[in-house]
Amino acid sequence: MNLSDPVTLTPSELHGSIVIPPSKSISHRAILCAAMADGVSRIAPIAPSQDMEATVRCIRALGASAVRDGDALLIDGRGLFSPEHGASDASPVLLDCGESGSTLRFLIPLAAAGGVTAVFTGRGRLPERPIGCFCDCLPGAGAELQTEGGLPLTVRGRLHSGNFSLPGNVSSQFITGLLLALPLLDGDSTITLTTPLESAAYIDLTLSVMHSFGVSAQRTETGWSVPGNQHYRAQDYTVEGDWSQAAFFLGAGLLGSRLSLCGLRRDSAQGDRACEPLFTAMGAVTRWQDGILQVFPGEKRAAVIDASQIPDLVPVLAACAAFCPGETQIVNAARLRIKESDRLQTTASLIRSLGGSVRELADGLQITGAPFLPGGSCSGANDHRIVMAAAIAALGCTGPVTVSDAHSVKKSFPDFFEQYNRLGGHANVIDMGKSN
């Protein structure tokens, strides 16, 4: 399917089984832990996506080796920060992060810990997304950051241990970046939060992956204590299914589909594991059988959704709420304005474009549901989660839905539309070069 063109989706139901792609969040963390390990690690499965390619591209630029072996990555970290990759000011390492916020924020402190002079670049909305937390806390510990407010960003100097203070309500990615890098330093460090932590499950995920590679940090009353002089150990690491991707198919179940979702861990530490109870609260019926999650339609109803810990789920939850009678409230979602798009604005625009009723607030959405929506044309906003949310919403519309920027699913789920059609969906590319 040529995803450079808009896609038109006609009403349908999805049926059958799907293997949920491996977790993008876990994959980023495992790849970086393997790159810091003194040996060869096997990470599997790793799904090809633009975000994964960005992280792999960057660890190679820093000297690690990464080789595809079927659905696995073989990563040799023994060359990380080797002399030929210990760039000087005259010849910095270029780290192209694509559109991946995780790649950027995880690697800034890592490059500083390695004493690498690096220039970080990106595209899409990434150059505009916040990095100020690092500009505030890293320079006092030996790293110099040079930026005009976004990307490109130049990092030079060598990070040394200390106390790193930063807010907990901007992005947990800043905290993860520090947690990954600080064990490499000679001395012990602390991370102190100046505001309450949001997306706490992502930090738990980071600590879990680090532990698998032999490195640890301890929770304190105000943050974390991170011992220095630790060593990542090479591992064979299995990546579980991605609950944030599973959410789209749970949404399909709410809107009338019957599906079996394979590859998920019922006891997962992923924060987006919350999508199952959230969709059941909205009326979906779920059942676990032999490790497979089954979802069926039920009686749809409105809900109150606190998005502080699950921001990535908001587009699909909101799109499905447009079909739930009553008023759904999504609260504590202000951070969605600094994602790949302003996701409060683009999600509200999606719902309105399909004939739904939504009120956009400073930190959330109020959605008045209806049994059906007529469909229409909407912008995908070059945002993978908006495009996939539109595809799920199309299942509940009475008429076709056309969404632009279908190519953006390559960021996280390149074969989304192929899987959608395989399950009985009707997604067809519009060739803009042909007349109707």
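Residues: numbered from 1 along the sequence shown.
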Side chain to side chain donor-acceptor pair (under 3.5 Å) for S199 and S172? Distances and angles first, verdict last. CA-CA 6 Å; S199 296; S172 64; 4.7 Å; no

If you apply the rule side-chain contact (heavy atoms from CB on, under 4.5 Å), what do you find for S161 with D188, and how did you get there? CA-CA 6 Å; S161 57; D188 299 344; 6.0 Å; no

S225 vs T220, test: side chain to side chain donor-acceptor pair (under 3.5 Å). Steps then yes/no. CA-CA 7 Å; S225 172; T220 67; over 6 Å; no

Run the side-chain contact (heavy atoms from CB on, under 4.5 Å) test on E340 and I386 for me, step by step, so that the C-alpha distance in whole Å, both residues' side-chain angles and the decisive distance to 0.1 Å come before the verdict. CA-CA 10 Å; E340 285 84 340; I386 299 298; over 6 Å; no

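For E53, there are no salt bridge (charged side-chain N to carboxylate O under 4.0 Å, His left out) partners, not counting sequence neighbours. By the side chain to side chain contact (heavy atoms under 4.5 Å, CB included) test, R78 is found to be paired with D38, V40, D76, residues two or more places apart in sequence or in another chain being considered. In terms of the side chain to side chain contact (heavy atoms under 4.5 Å, CB included) criterion, residue partners of E198 (sequence neighbours excluded) are, by chain and number, N169, S308, Q309, R335. The side chain to side chain contact (heavy atoms under 4.5 Å, CB included) check on D236 picks up R42, with sequence neighbours excluded. Not counting sequence neighbours, the partners of E99 by the side chain to side chain contact (heavy atoms under 4.5 Å, CB included) test are R123, N382, K411. Considering only residues two or more places apart in sequence or on other chains, F164 meets the ring-ring contact (aromatic ring centres under 6.0 Å, His included) condition with none of them. The ring-ring contact (aromatic ring centres under 6.0 Å, His included) test applied to F213 returns Y237, not counting sequence neighbours. Partners of Y202 by ring-ring contact (aromatic ring centres under 6.0 Å, His included), not counting sequence neighbours: none found. In terms of the ring-ring contact (aromatic ring centres under 6.0 Å, His included) criterion, F323 has no residue partners (sequence neighbours excluded).
Enclosure of atom CG in D290 is not indicated, since only 12 or fewer non-hydrogen atoms of other residues, nucleotides or ligands lie within 6.0 angstrom. Within 6.0 Å of CZ in F372 there are 12 or fewer heavy atoms belonging to other residues, nucleotides or ligands. Around the CD atom of Q218, the shell of radius 6.0 Å holds more than 12 heavy atoms that belong to other residues, nucleotides or ligands. By the neighbour-count criterion of 12 heavy atoms within 6.0 Å, atom NE2 of H211 is sparsely surrounded, having that number or fewer from other residues, nucleotides or ligands.
Nearest heavy atoms, I338 versus P130: CD1-CG, 3.6 Å. Of all non-hydrogen atoms in C58 and T103, the two that sit nearest each other are SG-CG2, 4.0 Å. Residue L178 comes nearest to P109 through the heavy atom pair N-CG, 3.9 Å, listed as atom of the first residue, atom of the second, then distance. Closest of all the heavy-atom pairs between G380 and V387 is CA-CG2, 3.7 Å. When all heavy atoms of P21 and Q245 are compared, the pair lying nearest together is CD-CB, 4.3 Å. Of all heavy-atom pairs between R105 and S171, the closest is NH1-OG, 3.3 Å.
In terms of modelled atom types and a separation under 3.5 Å, the side chain of R57 and the main chain of C97 share no donor-acceptor contact. Side-chain atoms of S257 do not come within 3.5 Å of backbone N or O of L259 as any donor-acceptor pair. Between the side chain of S189 and the backbone N or O of G162, at least one donor-acceptor pair lies under 3.5 Å. No donor-acceptor pair under 3.5 Å is formed between the side chain of W243 and the backbone N or O of A269. Side-chain N or O atoms of Q235 include none that pairs as donor or acceptor with a backbone N or O of S41 at under 3.5 Å. Of the possible donor and acceptor atoms, one in the side chain of S408 sits under 3.5 Å from a partner among the backbone N and O of D405. Using modelled atom types, no side-chain atom of R29 and backbone atom of S208 make a donor-acceptor pair closer than 3.5 Å. Within the 3.5 Å criterion, the main-chain N or O of D186 finds a donor-acceptor partner in the side chain of N229. Counting only distance, with no hydrogens or angles, the side chain of T286 and the backbone of V295 share no donor-acceptor pair below 3.5 Å. Under the 3.5 Å distance criterion, the side-chain polar atoms of R337 are left unmatched by any main-chain donor or acceptor of L344.
L365 has its side chain out of reach of R359: every pair of non-hydrogen atoms, C-beta onward, lies at least 4.5 Å apart. Contact of the L110 side chain with the L32 side chain is registered, since non-hydrogen atoms from C-beta on lie closer than 4.5 Å. The closest side-chain heavy-atom distance from P45 to P22 is below 4.5 Å. A 4.5 Å side-chain heavy-atom check between L205 and Q270 finds at least one atom pair inside the cut-off. Taking the side chain as every heavy atom from C-beta outward, V316 and M388 never approach each other to under 4.5 Å. Here the side chains of L159 and L138 are in contact, with some heavy-atom distance below 4.5 Å. L182 has its side chain out of reach of W224: every pair of non-hydrogen atoms, C-beta onward, lies at least 4.5 Å apart. Taking 4.5 Å as the limit, some side-chain heavy atom of F249 sits within range of a side-chain heavy atom of L423.
Taken from CG in L193 to OG in S165, the straight-line distance is 9.0 Å, to the nearest 0.5 Å. In this structure, the separation between OG1 on T192 and CG on N163 is 3.5 Å, given to the nearest 0.5 Å. Rounding to the nearest 0.5 angstrom, the gap separating the CD1 atom in I20 from the CZ atom in R265 is 16.0 Å. With rounding to the nearest 0.5 angstrom, the CG atom of L250 is 12.0 Å from the CD atom of Q294. Of the inter-residue distances, the one linking L313 atom CG with I330 atom CD1 reads 10.0 Å to the nearest 0.5 angstrom. From D306, atom CG reaches atom CD1 of I310 across 7.5 Å, with rounding to the nearest 0.5 Å.
No salt bridge links R273 with E240; every basic N to acidic carboxylate O contact stays at or beyond 4.0 Å.
Here the rule is salt bridge (Lys or Arg N to Asp or Glu O under 4.0 Å) with K24, and of D51, D242, D272 only D51 fits it.
Y420 and F417 have perpendicular rings, their planes meeting at more than 60° on a 0 to 90° scale where under 30° would count as parallel. The aromatic rings of H28 and F106 sit perpendicular to each other, their planes meeting at more than 60°, with 30° as the lower class boundary.
Residue pairs meeting the side-chain hydrogen bond (donor to acceptor under 3.5 Å, both in side chains) criterion with at least one partner in residues 344-357, sequence neighbours excluded, are S341-T346. Listed by first and then second residue, the salt bridge (Lys or Arg N to Asp or Glu O under 4.0 Å) pairs involving residues 312-327 are D312-K339, D312-R343, D312-R385 (not counting sequence neighbours).
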Which atom pairs, one a donor and one an acceptor, fall under 3.5 Å between side chains of residues 277-285 and the rest of the protein, sequence neighbours left out?
residue	atom	partner	partner atom	Å
T280	OG1	E276	O	3.2
T280	OG1	P277	O	2.8

